[in-house]
Enquirer: 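First, the structure itself, so that you have it in front of you.
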2 protein chains.
Amino acid sequence: MTKKVTAAQAWEQSLIGVSKLLSKFDAEMQKEAGISVIWYDVLLHLNYALEKKMRMQALSDSLLLTRSGVTRLVDRIEKAGLVRREPAAEDRRGYYAILTAEGEDVLERAQQAHQRDIRQYFGVHFDAEERRALFDLMSKLVGAVA
Amino acid sequence: MTKKVTAAQAWEQSLIGVSKLLSKFDAEMQKEAGISVIWYDVLLHLNYALEKKMRMQALSDSLLLTRSGVTRLVDRIEKAGLVRREPAAEDRRGYYAILTAEGEDVLERAQQAHQRDIRQYFGVHFDAEERRALFDLMSKLVGAVA
DNA sequence: TGACAGTATTTGCAATATCAAATAGTGTAC
DNA sequence: GTACACTATTTGATATTGCAAATACTGTCA
């Protein structure tokens with residue numbers, strides 16, 4: 001086995017670096033809005049959904065979580081008062097998670113701080129052309145995964 | 001609050017997509033070499049280290065883990081026989097994790113499969129110029145995090 | 001209609017992570 | 001040389017997640 005760092009290993013390190021970036025943003029959000037990026041993601045999805053509500057199943061498809069993961073994640077967010085559950089009228093097996101007024105407030109605060117962080121981070125390290133190129137390539141990367 | 005998807009949100013989705021990609025590689029590696037990408041990362045770091053050994057502290061700095069996380073991760077890998085511990089002669093508080101012969105074998109197998117996967121993945125979705133551009137940009141991104 | 005295969009959600013259990021405290025050793029300052 | 005602040009690692013308690021099983025409901029087929 002050689003000591004040369006192969007392209008594949010370099011990719012791997014890049015991917016791991018991106019994960020590190022995510023957890024950095026997570027820490028920032030925790031500090032500035034008191035919620036994690038995961039909670040933020042839930043609130044964000046709900047906010048964009050029709051009537052600001054989504055079925056548990058749909059949430060689990062949108063997020064990076066299994067259904068049981070979503071069940072317990074929503075449990076926690078519900079306990080914090082940022083969402084509430086409501087039985088689905090059209091299918092009595094199902095439940096909606098619904099964004100509460102407090103959830104909207106917290107989301108707004110988190111969103112502002114987060115956008116400022118991201119703009120600052122990428123603004124400092126990349127120029128406009130690099131940002132566009134990186135964004136295009138990452139979109140392609142993400143599209144290819146799904 | 002508007003419904004427009006902001007640049008920050010798009011970035012966020014990209015970052016999450018990259019996480020998804022990582023877990024996809026993880027599943028592949030589990031199937032093809034019987035270890036997770038995290039174990040792979042440990043073995044890889046050890047393989048490149050002088051004498052194929054590293055202090056627990058150094059491992060924790062290199063990986064995405066706290067020290068206690070590394071303690072228990074190395075516990076598991078050690079139980080599988082891929083690394084062993086050895087007290088550090090020069091500092092009796094410390095321990096080295098050392099790659100075993102079996103660890104080297106497993107690493108070699110994992111590495112070949114993983115590199116094939118990665119080459120295939122990026123080879124299919126990106127042309128040579130895109131790969132170079134993406135790699136440069138991601139390196140810059142990662143460098144900026146550290 | 002009523003058996004039954006399939007779907008939505010939750011729950012029990014096991015795995016893995018963090019944080020804080022415990023343990024053990026180092027090195028400097030007097 | 002010994003008190004003490006600092007460092008390396010592990011351990012205990014707790015949190016979060018996935019997988020598989022349990023529960024509850026739907027919809028189709030005979």
Side-chain angles (χ1 to χ4, degrees), chain A residues 16 19-20 22-31 34-42 45-46 49 53-80 82-98, chain B residues 16 19-20 22-31 34-42 45-46 49 53-80 82-98:
Chain A
I16 289 179
S19 294
K20 274 188 198 166
L22 250 184
S23 67
K24 185 171 166 155
F25 285 137
D26 193 73
E28 285 296 319
M29 177 162 297
Q30 196 62 252
K31 204 178 64 187
I35 62 173
S36 66
V37 166
I38 297 168
W39 286 35
Y40 174 73
D41 227 26
V42 172
H45 274 94
L46 289 178
K53 68 183 190 181
M54 287 176 77
R55 292 287 292 267
M56 303 300 279
Q57 169 64 42
L59 268 178
S60 139
D61 290 341
S62 305
L63 307 168
L64 273 177
L65 283 175
T66 60
R67 293 179 195 188
S68 64
V70 168
T71 291
R72 285 180 264 226
L73 175 57
V74 169
D75 284 347
R76 296 192 293 274
I77 306 180
E78 187 174 28
K79 193 179 291 182
L82 309 187
V83 305
R84 62 194 170 82
R85 272 187 177 82
E86 194 168 278
E90 76 280 11
D91 181 346
R92 283 164 53 202
R93 290 169 300 183
Y95 276 88
Y96 282 102
I98 310 182
Chain B
I16 289 178
S19 296
K20 274 188 198 166
L22 257 181
S23 68
K24 185 172 167 157
F25 285 136
D26 192 73
E28 284 297 318
M29 177 160 297
Q30 196 62 253
K31 204 178 64 189
I35 62 173
S36 65
V37 166
I38 297 169
W39 286 36
Y40 174 72
D41 226 27
V42 172
H45 274 94
L46 289 177
K53 68 184 189 180
M54 286 175 77
R55 291 286 292 269
M56 302 300 279
Q57 168 64 41
L59 268 178
S60 137
D61 290 339
S62 304
L63 306 168
L64 272 177
L65 281 176
T66 59
R67 293 179 194 185
S68 64
V70 168
T71 292
R72 285 180 262 227
L73 175 57
V74 169
D75 283 348
R76 296 192 294 274
I77 305 180
E78 188 174 28
K79 193 179 291 182
L82 309 187
V83 305
R84 61 192 172 81
R85 271 188 178 81
E86 192 168 278
E90 76 280 11
D91 180 345
R92 285 163 53 205
R93 291 169 301 183
Y95 276 89
Y96 282 102
I98 309 181

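Sequence lines set the chain letters: A, B, ... in the order given, protein chains first and strands last, and positions in each chain run from 1.
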Enquirer: Nearest whole angstrom, please: distance from the P of C:dA17 to the CD1 of A:Ile38.
Expert: 15 Å
Enquirer: Rounded to the Å, how far apart are B:Arg93 CZ and D:dC6 P?
Expert: 13 Å
Enquirer: Among the nucleotides C:dT9, D:dC6, D:dT10, which one has an atom lying closest to any side-chain atom of B:Tyr95?
Expert: D:dT10
Enquirer: Starting from C1' on C:dT23, measure out to CG on B:Asp91 and report it in whole angstrom.
Expert: 14 Å
Enquirer: Just to be sure I understand the rule, does A:Arg92 reach a base, reach only the sugar-phosphate, or reach nothing, if contact means heavy atoms closer than 4.0 Å?
Expert: sugar-phosphate
Enquirer: Base, sugar-phosphate, or nothing for A:Leu59, non-hydrogen atoms under 4.0 angstrom?
Expert: nothing
Enquirer: Check whether any side-chain heavy atom of A:Arg76 lies under 4.5 Å from a side-chain heavy atom of A:Trp39, and answer yes or no.
Expert: yes
Enquirer: With respect to A:Met56, which candidate in A:Val70, A:Leu73, A:Asp61 satisfies the side chain to side chain contact (heavy atoms under 4.5 Å, CB included) definition?
Expert: A:Val70
Enquirer: Are more than 12 heavy atoms from other residues, nucleotides or ligands located less than 6.0 Å from atom OH of A:Tyr95?
Expert: no
Enquirer: Is B:Ser68 near enough to C:dT18 that one of its side-chain N or O atoms lies under 4.0 angstrom from OP1 or OP2?
Expert: no
Enquirer: Under 4.0 Å, counting only non-hydrogen atoms across every strand here, what does B:Leu73 touch: a base, just sugar-phosphate, or nothing?
Expert: nothing
Enquirer: Working to the nearest 0.5 angstrom, can you tell me the gap between A:Arg85 CZ and A:Asp75 CG?
Expert: 4.5 Å
Enquirer: Could you tell me how far apart A:Leu63 (CG) and C:dT9 (P) are, to the nearest whole angstrom?
Expert: 13 Å
Enquirer: Measure from the side-chain N and O atoms of B:Ser23 to the backbone N and O of B:Asp26, and report whether any donor-acceptor pair falls under 3.5 Å.
Expert: no
Enquirer: Calculate the interatomic distance between B:Glu90 atom CD and C:dG27 atom C1'; express it in whole Å.
Expert: 15 Å
Enquirer: Judged by each residue's nearest nucleotide on DNA chain D, which is more toward the 5′ side, B:Thr71 or A:Trp39?
Expert: B:Thr71
Enquirer: Between C:dA8, D:dA8, C:dT11, which one does the side chain of B:Gln57 approach most closely?
Expert: D:dA8
Enquirer: Is B:Arg72 touching bases, backbone alone, or none of the nucleic acid, heavy atoms closer than 4.0 Å?
Expert: base
Enquirer: Is the distance from OP1 or OP2 of D:dA21 to the nearest side-chain N or O of A:Arg67 less than 4.0 Å?
Expert: no
Enquirer: Mind calculating the distance between CE (A:Met54) and P (C:dA8) to the nearest angstrom?
Expert: 14 Å
Enquirer: Please report, rounded to the nearest Å, how far the C1' atom of D:dA8 is from the NZ atom of B:Lys53.
Expert: 16 Å
Enquirer: Output the rounded distance in Å from CE (B:Met56) to C1' (D:dT7).
Expert: 15 Å
